[in-house]
There are 2 protein chains.
Amino acid sequence: MAEEKRIERVQHVWVRLIRAHDNVVRKVEAAVKAKGLPPIEWYDVLLELSREGGRKLRPVELEKELLVAQYNLSRLLDRMEAAGLVERLTCPGDGRGQMIQATPEGRAMQKRIWPSYREALEEHVAPDLSEKDLEQLAKLLGAIGGHLRPGGCGN
Amino acid sequence: MAEEKRIERVQHVWVRLIRAHDNVVRKVEAAVKAKGLPPIEWYDVLLELSREGGRKLRPVELEKELLVAQYNLSRLLDRMEAAGLVERLTCPGDGRGQMIQATPEGRAMQKRIWPSYREALEEHVAPDLSEKDLEQLAKLLGAIGGHLRPGGCGN
DNA sequence: TTAATGTCAATGCAGTTGCATGAAACTGAG
DNA sequence: CTCAGTTTCATGCAACTGCATTGACATTAA
């Protein structure tokens, strides 16, 4: 019965987590796409590569930062490379690996995406929640997911 | 500056919402799949069909309940029908539509899935949160997503 | 009734994901 | 050094998704 009560609450969280995620992600993606900008994951890659004033990263590292499966990242980088936003450099000291680096176009694209992205977040992520609630929600969600670096524009 | 503070918090929520969702969904799906059971969306369909002691639903209605795109639902039902879990009946009074109904196998499958599903939820959704926190989290998430019916086993 | 419009569901196609595997390169024990 | 085991990244294939469209029927207005 204490058990019953618990599972019920867990279910509430489960259902609403999925619903909230769908709701928010769909809206933000739609807003960004509506401006003719690339998908959010592209931004995430570019953001990671722009940290600390621009850096090279191994795909393996990106994988961990971004929570993307290896084969998906491989193909995501294919697409971004084809679009001229990132380069694959040979990796000194490890012949298997590579270093991924944003091209100038990639950096420009990141800067170009950010305003729209930011606007979409403000508009669609919890527009009705108070500052206090936002903070509380972030804290509770943080207890569920692993840790993640802050988002933003990288500046 | 008040604006700055706000967007920062919004971003925290955004990032953690995605991270939490990924984390939880991936684990629950993996756990259920590991037992050779069908994907979660199949359960969701069967659950909806089992409410109120078993009912027929139009795809359009399922669509709204389940937050699935029309074309995806159409094909999801293809698969479930092929697996013998649901039937498409002709819809009296509307020649375009159809009524979806769980077969006996479908109802059996739903009952068979539930224990594993429940166990996975208990284990992977917020295992470290107190009852109070769960309730709070559900409330805050509820403010973000639209409303949704409770999950569970339908009994 | 008819014509225009709207709703329900299916489908072709291209793009994406998951899974399993493979090839190349690194590592470390002997 | 050599070989077994591991890590890094790519890829063939099947399944799934999103988008656009179609076809069938329903509804409304005239």
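The figures that follow rest on heavy atoms only: side chains count, while hydrogens, waters and symmetry mates do not. A quick note: this is a predicted structure, and the numbers were derived from the prediction, not measured. Throughout, protein chains are lettered first and strands after them, A, B, ... in sequence-line order, and every chain is numbered starting at 1.
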Query - B/Y117 and B/Y43 aromatic ring geometry - parallel, tilted or perpendicular at 30°/60° bounds - result: perpendicular
Requested in this report: Examine distances only and state if a side-chain atom of B/R16 and a backbone atom of A/L141 form a donor-acceptor pair shorter than 3.5 Å.
Outcome: no
Query raised in the report: Quick one: how far along DNA chain D does chain A reach, first to last nucleotide 5' to 3', anything under 4.0 Å to a heavy atom?
Result: D/dT7 to D/dC19
Query raised in the report: Do B/R26 and A/L67 come within less than 4.5 Å of each other through their side chains, counting heavy atoms only?
Result: yes
Report task. Could you tell me whether the side chain of A/R55 and the main chain of A/E48 form a donor-acceptor pair under 3.5 Å? Result -> yes
Report task. Mark up nucleotides 9-18 of chain C, 5' to 3', with B wherever a protein heavy atom is under 4.0 angstrom from a base atom, S wherever such an atom reaches only the sugar-phosphate, and - elsewhere. Result -> BBBBB--SBB
Query raised in the report: Does B/N23 use its side chain to pair, donor to acceptor, with the backbone of A/I144 at less than 3.5 Å?
Result: yes
Report task. Ignoring hydrogens and angles, tell me if any N or O in the side chain of A/S74 forms a donor-acceptor pair with the backbone of A/Y71 under 3.5 Å. Result -> no
Validation: residues 82-104 of chain B side-chain donor-acceptor distances under 3.5 Å, sequence neighbours left out:
residue, atom, partner, partner atom, Å
B/E87, OE1, B/Q101, NE2, 3.3
B/R88, NE, B/E81, OE1, 3.1
B/R88, NH1, B/Q98, OE1, 3.4
B/R88, NH2, B/D78, OD1, 2.1
B/D94, OD1, B/R96, N, 3.0
B/D94, OD1, B/R96, NE, 3.0
B/D94, OD2, B/R58, NH2, 3.4
B/D94, OD2, B/R96, NH2, 2.9
B/T103, OG1, B/G84, O, 2.6
B/T103, OG1, B/L85, O, 3.1
B/T103, OG1, B/E105, N, 3.4
B/T103, OG1, B/E105, OE1, 3.2
B/T103, OG1, B/G106, N, 3.0

